[in-house]
Visitor: 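Have a look at the structure that comes next, please.
Chain letters run A, B, ... following the sequence lines, proteins first, then strands; residues in each count from 1.
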Amino acid sequence: MAEKIIRRVLLAAFSLFVIISITFFLMNLIPGDPFMSEKATEESRAVLIAKYGLDQPLLVQYGKYLAGLFHGDMGTSYVLQKGRAISTIVTDAFAVSVKLGIRALLLAVLLGVPLGCVAGFFKDKLPDGILRVTSAIGISVPGYVIAAVLMLVFAVKLRILPVSYGRPMGEIMPIVTLAVYPACYLTRLTRASILEVLGQDYLKTERAKGMSELVVIFIHALKNSLVPIITYLGPLTASILTGGFVAESVFNVPGLGRYFVNAISARDYTLIMGVTIFYAALIIFMNLLCDILYQVVDPRIKIG
Amino acid sequence: MRKMMMALSAALASAMLLAGSAMADNLSSISVCAGSEDALILNAAHVDTLEGLSACRHIFEGLYKLDQEGNIVLGQAASVETSEDGLTWTFTLRDDITWSDGEKVKAQDFIYSWDYLISESDSYSSLMNMVSEYTAPDEQTLVLKLAFPCAYLPSILCFPSTYPVRQDLVEEYGESYATDPDKSVYNGAYIVTDWTHQASLTMQKRAEYYDADSITVDEIQWQLMSDNNTKQAAFQSGEIIFSDGVVEETAASLEGMGLQYESGYNNYTCLFNLANGNEVLQDVNVRKALLLAVNRERLVTLRNMNDTVAYTYTPAGLTGSDGTDFISTVSPWYSEDYEANCEEAKKLLAEAGYENGEGFPALRYIVGNNDRKAIAEAVTGDWNHVLGIDTITVETVENFFTARQTGDFDIAYFGWYMDYPDISNMLGTMVTGANDAGYSSEAYDEAYNSAIAEEDEAAQWESYRKCEEILAEDVPVIPFFLPQTTFLFDDASYDGMVYYCGNNFFGYLTAK
């Protein structure tokens with residue numbers, strides 16, 4: 001067992017190394033460099049490129065980067081937060097993304113699961129119809145549209161919520177924007193999963209015993225239909241923590257999601273690496289944890 | 001007793017009123033947005049964005065500063081003496097200037113900063129090229145020796161890149177100097193008290209600033225936003241009183257509700273690649289034909305941003321000592337009669353051997369974003385319509401500046417936003433080695449160099465006019481129009497914003 005876990009950890013470290021290497025070389029394949037601007041002269045650019053060692057052979061740069069990384073040094077940002085340490089940027093921003101993401105996740109679950117039950121309870125009746133239509137809309141409308149509509153209605157017209165995140169109640173709109181899609185998806189998922197369970201024999205027994213339909217659905221059926229929902233929560237957590245780009249840029253949230261796109265367009269090499277390594281490590285660690293837990297919970301599941 | 005009480009309360013009430021009116025002169029806090037985090041650079045040697053420059057003007061101060069009217073006046077310097085030949089400038093620093101940690105601002109701080117500016121080799125590291133030597137004979141004196149008698153030196157020394165930095169802090173923090181409030185000290189009107197990266201930055205007025213009495217805003221909150229929709233919404237909801245960005249499509253609806261246009265001393269052009277573009281561009285008749293066939297009125301209408309048609313390379317508004325606009329003394333590159341221009345263009349193209357565009361080779365016209373693509377396509381539309389050239393394709397390239405600097409184009413967008421309102425700053429962009437067109441003309445360089453070295457304005461303008469004439473003859477570049485700088489400012493409630501070449505100073509704001 002211990003040996004298997006060690007092997008699994010080593011494998012995780014190797015995956016991370018592969019991701020770091022691939023990202024490093026792919027990133028350097030994109031044309032351009034971090035020091036382009038209308039005002040920069042060719043000479044000044046050349047000096048900066050030399051200063052940061054970007055004129056050295058790629059393999060040398062790669063070796064230096066790995067050596068730094070090994071000592072816990074991810075360098076400083078070239079463009080987006082020029083001069084700030086990557087590790088500080090990433091940890092600061094991730095803290096904000098987590099704070100926002102967890103609340104969005106809670107909102108999505110607390111809305112989506114009960115509404116799914118309601119839809120299942122009223123299958124093919126009016127409430128079910130309304131929920132199916134609204135959740136279909138919620139799933140298909142892109143995040144930036146939701147963000148823009150929220151902003152227009154609550155900030156510009158009604159003036160009851162602020163546009164930027166930093167102000168009192170500024171979290172509400174970004175949380176709602178983040179929660180709409182998963183809430184709607186969970187509604188549909190719960191409904192489908194409950195309907196599947198409802199046909200099963202043990203529920204017929206419950207009904208035969210005279211239980212009310214409400215108790216049957218919310219207590220007995222829901223418990224067994226939670227399995228697919230919990231399975232979905234894993235990737236959902238990851239996507240809500242990483243996919244906040246729209247909500248973060250529209251509502252000016254200082255989170256990590258924005259860097260995913262911005263760092264690449266700015267050719268902020270060290271930041272691209274920092275963000276990628278951070279998320280890759282996070283996901284690899286989560287997977288590793290799950291694998292190990294499976295092994296602990298159910299020894300029949302093989303890892304390796 | 002009751003009478004006394006009444007008298008007392010009346011006195012109290014009037015005292016409160018008085019206090020109220022005294023308070024009204026000073027704004028306790030304002031919120032503005034001049035850009036996003038990546039543009040907020042507070043290191044004088046690195047700052048090269050409008051937002052960073054604006055922010056630096058609040059927290060640092062050079063030998064010169066901007067006054068309430070946006071004029072350049074002495075700042076950290078108490079006086080300046082110029083030698084007769086205009087080549088030696090001797091500044092005496094004020095004796096009441098301090099850094100925010102209490103240390104005195106010394107002449108050596110400036111010397112170190114200028115060394116640092118040059119050694120860091122960023123966008124503005126060559127800004128002080130006209131200064132051949134600078135020394136500090138004592139703590140309060142700075143002597144600048146110039147390569148030529150540069151009349152616009154005050155604009156340079158008012159530019160944030162020349163503001164002082166503190167050696168001990170630069171050396172202590174290295175790369176991360178000035179990236180957090182505690183990693184810098186300030187010699188300007190404000191200090192940075194809080195910086196929530198990516199979200200907002202707070203500046204507080206510095207009581208020890210020598211001219212603190214003129215500063216009427218106690219706190220400035222810089223909201224860091226990148227999305228123009230967000231900025232505009234925040235402005236409309238009253239969260240910010242200034243926004244540097246507007247949504248171009250809907251901006252017109254804010255006319256009269258805060259939308260402002262200011263001359264930015266900008267131009268909007270396209271460059272020919274004379275060094276390694278298609279060979280057809282070597283023929284000056286081809287370049288002239290393309291220059292003449294552009295319908296500039298239509299471009300201005302298309303953009304709908306209050307631009308004006310450009311008849312010269314230099315923008316309008318650069319006035320001489322008697323108020324004459326420089327470009328009113330320059331002969332326009334083309335006639336106001338578009339039809340006549342088109343006829344001339346057709347003739348020139350035929351002379352070049354491409355009558356009706358027949359046999360004209362395929363060319364790449366590169367731009368950096370889709371707004372510019374729309375303009376470029378309107379231009380190629382004119383070339384097609386008037387000259388029959390349908391082989392020029394417009395391309396939005398991902399890495400526009402690299403492509404242009406490395407000469408990977410035939411025609412490319414070029415627009416220069418002037419840093420300080422001196423003609424040299426615009427015409428300097430066409431000097432040999434400074435332009436991406438690969439344009440090099442001895443006559444042009446000579447005219448430019450004699451202009452900047454000239455003390456007498458009339459003679460100087462004569463040389464600048466010569467530069468314009470040479471450009472109009474050689475056509476390495478096609479001027480289209482002069483764009484305005486657009487921003488949102490709540491002028492219904494506030495007065496006194498200083499606008500200078502795309503930079504803003506908010507410290508003198510008052511409530512209306």
Visitor: Please confirm whether the backbone N or O of Arg84(A) pairs with a side-chain atom of His197(B), one donor and one acceptor, at under 3.5 Å?
Guide: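 The answer is no, because no donor-acceptor pair under 3.5 Å joins these two groups.
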Visitor: Is it true that a side-chain atom of Asp122(B) and a backbone atom of Ala45(B) form a donor plus acceptor pair closer than 3.5 Å?
Guide: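 Not at all, since once roles are kept as given, no pair shorter than 3.5 Å links the two residues.
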Visitor: Counting only non-hydrogen atoms closer than 4.5 Å, does Arg159(A) touch chain B with its backbone (N, CA, C, O), its side chain (CB onward), both, or neither?
Guide: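 The side chain, not the backbone.
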Visitor: Would you list the pairs meeting ring pair (Phe, Tyr, Trp, His ring centres under 6.0 Å) in which at least one residue belongs to residues 83-106 of chain A, sequence neighbours left out?
Guide: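 Only Phe94(A)-Phe278(A) qualify under ring pair (Phe, Tyr, Trp, His ring centres under 6.0 Å).
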Visitor: Nearest 0.5 Å, what's the CZ-CD distance between Arg258(A) and Gln198(B)?
Guide: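 Answer for the CZ-CD pair, Arg258(A) versus Gln198(B), is 4.5 Å.
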Visitor: Anything in residues 49-70 of chain A with a heavy-atom distance to chain B below 4.5 Å? Please list those residues in order.
Guide: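 Contacts with chain B: Lys51(A), Tyr52(A).
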Visitor: Looking at Gly143(A) and Val246(A), what are the two nearest heavy atoms and their distance?
Guide: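 For Gly143(A) and Val246(A), the tightest heavy-atom pair comes out as C-CG1, 3.7 Å.
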Visitor: Side chains of Thr193(B) and Glu219(B): donor-acceptor distance under 3.5 Å anywhere?
Guide: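 No, Glu219(B) and Thr193(B) have no side-chain donor paired with an acceptor closer than 3.5 Å.
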Visitor: Given that the side chain runs from C-beta out, which part of Phe235(B) has a heavy atom under 4.5 Å from chain A: side chain, backbone, both or neither?
Guide: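 For Phe235(B), no heavy atom lies under 4.5 Å from chain A.
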Visitor: Looking only at the side chains, is there a donor atom on one of Ser226(B) and Ser36(B) sitting less than 3.5 Å from an acceptor on the other?
Guide: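 No, no side-chain donor-acceptor contact under 3.5 Å.
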Visitor: For atom CZ of Phe285(A), decide whether the heavy atoms of other residues, nucleotides or ligands shown that lie under 6.0 angstrom number more than 12.
Guide: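 No.
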Visitor: Do Thr269(B) and Asn267(B) pair up side chain to side chain, a donor and an acceptor below 3.5 Å, judged on atom types alone?
Guide: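 Asn267(B) and Thr269(B) do not have a side-chain donor-acceptor pair below 3.5 Å.
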Visitor: Which bit of Val96(A) is near chain B, if near means a heavy-atom gap under 4.5 Å: side chain, backbone, both or neither?
Guide: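 No part of Val96(A) comes within 4.5 Å of chain B.
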Visitor: May I ask you to list the residues in residues 73-81 of chain A that approach chain B closer than 4.5 angstrom, counting heavy atoms only, ordered by number?
Guide: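 Hits under 4.5 Å: Thr76(A), Val79(A), Leu80(A), Gln81(A).
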Visitor: Could you check whether the rings of Phe400(B) and Tyr413(B) sit parallel, tilted or perpendicular, using 30° and 60° as the cut-offs?
Guide: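 Correct class here is tilted.
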Visitor: Compute the ring centroids of Tyr265(B) and Tyr420(B), then answer whether they are less than 6.0 Å apart.
Guide: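 Aromatic pair excluded; centres sit 6.0 Å or further apart.
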Visitor: Heavy-atom pairs under 4.5 Å with chain A are the metric here; pick the option from Ile240(B), Ile41(B), Asp419(B) that has the most.
Guide: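 Answer, by heavy-atom pair count under 4.5 Å with chain A: Asp419(B).
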Visitor: Any chance you could measure Ile30(A), atom CD1, to Arg267(A), atom CZ, to the nearest 0.5 Å?
Guide: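 Taking CD1 in Ile30(A) and CZ in Arg267(A), the distance rounds to 5.0 Å.
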Visitor: Please classify the contact of Glu120(B) with chain A as side chain, backbone, both or neither, using a heavy-atom distance under 4.5 Å.
Guide: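 Both parts, heavy atoms under 4.5 Å.
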Visitor: With a 4.5 Å cut-off on heavy-atom pairs, point out which of Asn43(B), Asn229(B), Leu224(B) contacts chain A the most.
Guide: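 It is Leu224(B).
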Visitor: Is it true that a side-chain atom of Trp416(B) and a backbone atom of Leu427(B) form a donor plus acceptor pair closer than 3.5 Å?
Guide: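 Such a contact is absent between Trp416(B) side chain and Leu427(B) backbone.
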Visitor: Give a yes or no on whether a salt bridge exists between Asp408(B) and Arg364(B), defined as a side-chain N under 4.0 angstrom from a carboxylate O.
Guide: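 Salt bridge present between Asp408(B) and Arg364(B).
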Visitor: Run the salt-bridge test on Asp436(B) and Arg404(B) with the 4.0 Å N-O cut-off and return the result as yes or no.
Guide: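 Result for this pair is yes, salt bridge flagged.
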Visitor: Between Thr432(B) and Ser440(B), which heavy-atom pair has the shortest distance, and what is it?
Guide: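 Heavy-atom minimum between the residues: OG1-OG, 3.1 Å.
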Visitor: Just to be sure I understand the criterion: a residue of residues 46-56 of chain B counts if one of its heavy atoms is under 4.5 Å from a heavy atom of chain A. Which ones qualify?
Guide: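 Hits under 4.5 Å: His46(B), Asp48(B).
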